[in-house]
Amino acid sequence: MTDLVTLAELGGSLAAIGGAVYARHAHPAAYWSTVGLPLSVARLLASYSSTMDACGLTVQPSRWRALAVRATTRREVRPVPPRRGIIRPTTTGLCMRLRLAPGQEPADVAASAERLRHAWGVHAVHVRDIKPGVVELRLLGFDVLRKVRMPRRLDSGPLRIPVALREDATAFVRDYRTVPHELVLGATLSGKSMYLRNLLTGLAAQPVVLVGIDCKRGVELAPFAPRLSALATDPDQAAELLPALVKEMEDRYDLIKTRQGIAPGTPEELITSDIWGLPEDERPAPIVLFIDEVAELFLVATRKEEERRDEMVTQLIRLAQLGRAAGIYLEVCGQRFGAELGKGATMLRAQLTGRVCHRVNDEASAKMALGDIAPEAVLAACAIAPELPGLAVVGDTSGGWSRIRTPYLSLADAAATCRATAHLAPDVPALDPFRPYVPPTPVEASAPVATAHPVTE
């Protein structure tokens with residue numbers, strides 16, 4: 001009888017271990033909440049002081065503290081670690097704030113992130129500077145980029161689109177007011193179109209003018225035609241559309257100039273140098289220009305096409321240099337973008353503040369996107385595996401960078417969202433000649449508004 005009980009207990013233990021191993025790989029979030037979180041908290045509490053000492057993050061105590069320790073305990077005075085705040089569990093890991101000791105800086109903690117990850121048995125440790133003397137440790141229990149689940153609370157707003165998930169489990173927000181222009185690079189099947197799809201459908205729900213240039217005969221942007229105010233599907237149409245955008249930009253500058261030419265004594269808040277300082281009833285709607293496969297605008301075969309190319313590149317550079325104050329923003333996408341495209345390519349790239357690099361076919365392509373702003377991010381971009389579409393390295397001209405992954409959104413759902421939000425497209429008379437034709441949709445084939453699928457498989 002005792003042997004039977006022992007065998008039953010052994011079988012139950014093996015079943016529990018097998019279930020935990022299966023859950024860890026198939027359902028990492030559930031495994032973290034039930035098993036990983038308690039174990040990691042126990043390791044952290046038990047080994048905090050020794051781990052900080054091993055990582056070189058302890059300092060000698062103050063003179064008064066040393067005297068107090070000797071007077072009350074008569075034991076050896078040991079170095080003290082940074083003061084630890086409350087441990088806050090999350091659905092993806094743990095959050096904890098540290099108050100740095102005198103003489104320490106956030107870079108010291110960031111340099112020890114890999115050691116802390118192994119010591120506490122978590123997937124990753126990310127360090128964020130909160131305020132002088134305080135940093136936040138974000139411990140991740142599993143790889144959040146393997147299955148993308150966007151946070152429930154998203155920081156969205158006018159021209160602020162949560163478009164992907166960062167590797168520290170926070171949302172990557174595309175903010176056009178902060179980063180007006182962006183370059184998106186990626187090879188075929190790297191997830192570049194998925195990034196563009198999420199971004200475009202996020203903007204579709206806002207009163208923003210959406211303009212597209214898709215030289216692949218419109219196969220990428222044509223499904224979103226109900227929401228687009230203008231669409232060019234070949235270089236000839238793009239050569240007509242770009243001058244219209246430049247003229248619209250100049251008209252907006254005239255409007256701003258008129259507002260600046262006001263009588264003396266006008267309050268300072270009424271003086272502006274961009275459209276966002278104009279009264280709401282006078283402010284024109286912002287314009288976002290999406291360019292898919294920008295290299296098609298640079299490629300030429302004849303002398304006549306070369307002249308057209310030079311005109312288009314000049315107009316694109318003007319929009320990139322002057323468009324922000326007029327509320328015109330660029331989203332430039334392509335597989336490669338460098339000096340070999342021709343005159344003006346590097347000058348245009350220099351105006352694109354944001355950089356997103358998906359999987360590329362060679363290191364030179366990654367250097368085109370990230371080499372001039374964050375050289376260390378080039379290696380991270382070259383290490384993206386083909387079986388992880390949507391994974392990218394994002395950076396800006398400040399030098400900061402991180403890995404992100406875009407959630408899956410089907411083309412049918414994105415097109416349905418654009419059809420349902422077609423009435424939100426602002427009226428821009430200058431773009432009416434370029435508005436794409438949208439065939440009427442039968443009543444029985446109409447579909448409700450679709451939302452982005454929360455998971456990237």
Side-chain angles (χ1 to χ4, degrees), residues 20 23-25 27-59 79-102 104-157 160 162-173 175 394 400-405 407 454-456:
R24 183 173 186 175
H25 292 277
H27 305 283
Y31 173 84
W32 168 255
S33 300
T34 56
V35 180
L37 177 61
L39 290 178
S40 296
V41 172
R43 288 195 196 101
L44 193 154
L45 294 176
S47 64
Y48 177 76
S49 297
S50 59
T51 299
M52 288 294 174
D53 189 18
C55 294
L57 296 177
T58 56
V59 296
V80 295
R83 188 188 308 173
R84 174 177 55 82
I86 300 176
I87 300 176
R88 294 179 288 115
T90 65
T91 56
T92 58
L94 299 170
C95 281
M96 177 178 62
R97 291 191 176 185
L98 301 181
R99 180 171 293 278
L100 301 179
Q104 291 181 333
E105 61 177 353
D108 297 333
V109 184
S112 302
E114 191 67 14
R115 299 181 181 181
L116 298 177
R117 178 178 81 87
H118 288 285
W120 294 332
V122 293
H123 176 76
V125 175
H126 297 276
V127 181
R128 186 165 66 98
D129 189 4
I130 301 297
K131 60 182 180 179
V134 178
V135 297
E136 181 183 71
L137 291 186
R138 182 177 288 269
L139 284 65
L140 297 184
F142 54 94
D143 186 4
V144 296
L145 298 183
R146 192 176 69 174
K147 281 189 176 182
V148 177
R149 296 183 180 274
M150 295 296 288
R152 295 181 180 180
R153 297 180 180 179
L154 297 175
D155 183 17
S156 59
R160 289 176 55 85
V163 69
L165 185 69
R166 292 183 183 270
E167 60 183 341
D168 61 354
T170 60
F172 168 65
V173 180
D175 188 354
V394 60
W401 65 276
S402 63
R403 296 198 310 161
I404 64 170
R405 196 178 185 190
V455 179
T456 298

Problem set entry | Worked verdict on Val109 versus Leu100 for side chain to side chain contact (heavy atoms under 4.5 Å, CB included) | CA-CA 9 Å; Val109 184; Leu100 301 179; 3.8 Å; yes
Seminar exercise, completed: Output for pair (Lys147 NZ, Arg405 CZ), nearest 0.5 Å, gives 11.0 Å
Exercise. Within a strict 4.5 Å, meaning less than it, do heavy atoms of the Ser402 and Val394 side chains meet?
Worked result: yes
Problem set entry | Closest heavy-atom pair and its distance - Pro81, Met52 | CB-CB, 3.7 Å
Problem set entry | Donor-acceptor under 3.5 Å (Gln104 side chain, Leu57 main chain) | yes
Exercise. OG of Ser112 to CZ of Arg117: how many Å apart, nearest 0.5 Å?
Worked result: 13.5 Å
Exercise. Roughly how far apart are Asp129 CG and Glu136 CD, rounded to 0.5 Å?
Worked result: 10.5 Å
Exercise. Hey, which of Val135, Ile86, Val134 is the one that makes side-chain contact (heavy atoms from CB on, under 4.5 Å) with Arg97?
Worked result: Val134
For this session: For the residue pair Arg99 and Pro82, establish whether any side-chain heavy-atom pair is separated by less than 4.5 Å.
Result: no
Seminar exercise, completed: Residues Ala169 and Thr92: closest non-hydrogen pair is CB-OG1, 3.5 Å
For this session: Of all the heavy-atom pairs spanning Gly121 and Ser40, show the shortest one and how long it is.
Result: O-OG, 4.0 Å
Seminar exercise, completed: Residue set satisfying side-chain hydrogen bond (donor to acceptor under 3.5 Å, both in side chains) with Glu105, at least two apart, ordered chain then number -> none
Exercise. Between atom CG of Leu139 and atom OG1 of Thr90, what is the distance when rounded to the nearest 0.5 Å?
Worked result: 9.0 Å
Problem set entry | side chain to side chain contact (heavy atoms under 4.5 Å, CB included) between Arg84 and Leu44, worked out | CA-CA 11 Å; Arg84 174 177 55 82; Leu44 193 154; 3.9 Å; yes
Problem set entry | Close side-chain approach of Leu45 and Ile87, heavy atoms under 4.5 Å | yes
For this session: Tell me, please, which residues at least two apart from Asp168 pass side-chain hydrogen bond (donor to acceptor under 3.5 Å, both in side chains).
Result: Thr170
Exercise. In Å, rounded to the nearest 0.5 Å, how long is the span from NE2 of His118 to CG of Leu116?
Worked result: 10.5 Å
Exercise. By side-chain contact (heavy atoms from CB on, under 4.5 Å), which residues pair with Pro151, not counting sequence neighbours?
Worked result: Leu154, Leu165, Ala171
Problem set entry | Any donor-acceptor pair under 3.5 Å from Arg43 side chain to Ala119 backbone | no
Seminar exercise, completed: Distance col, row His123:NE2 vs Glu167:CD, nearest 0.5 angstrom, shows 8.0 Å
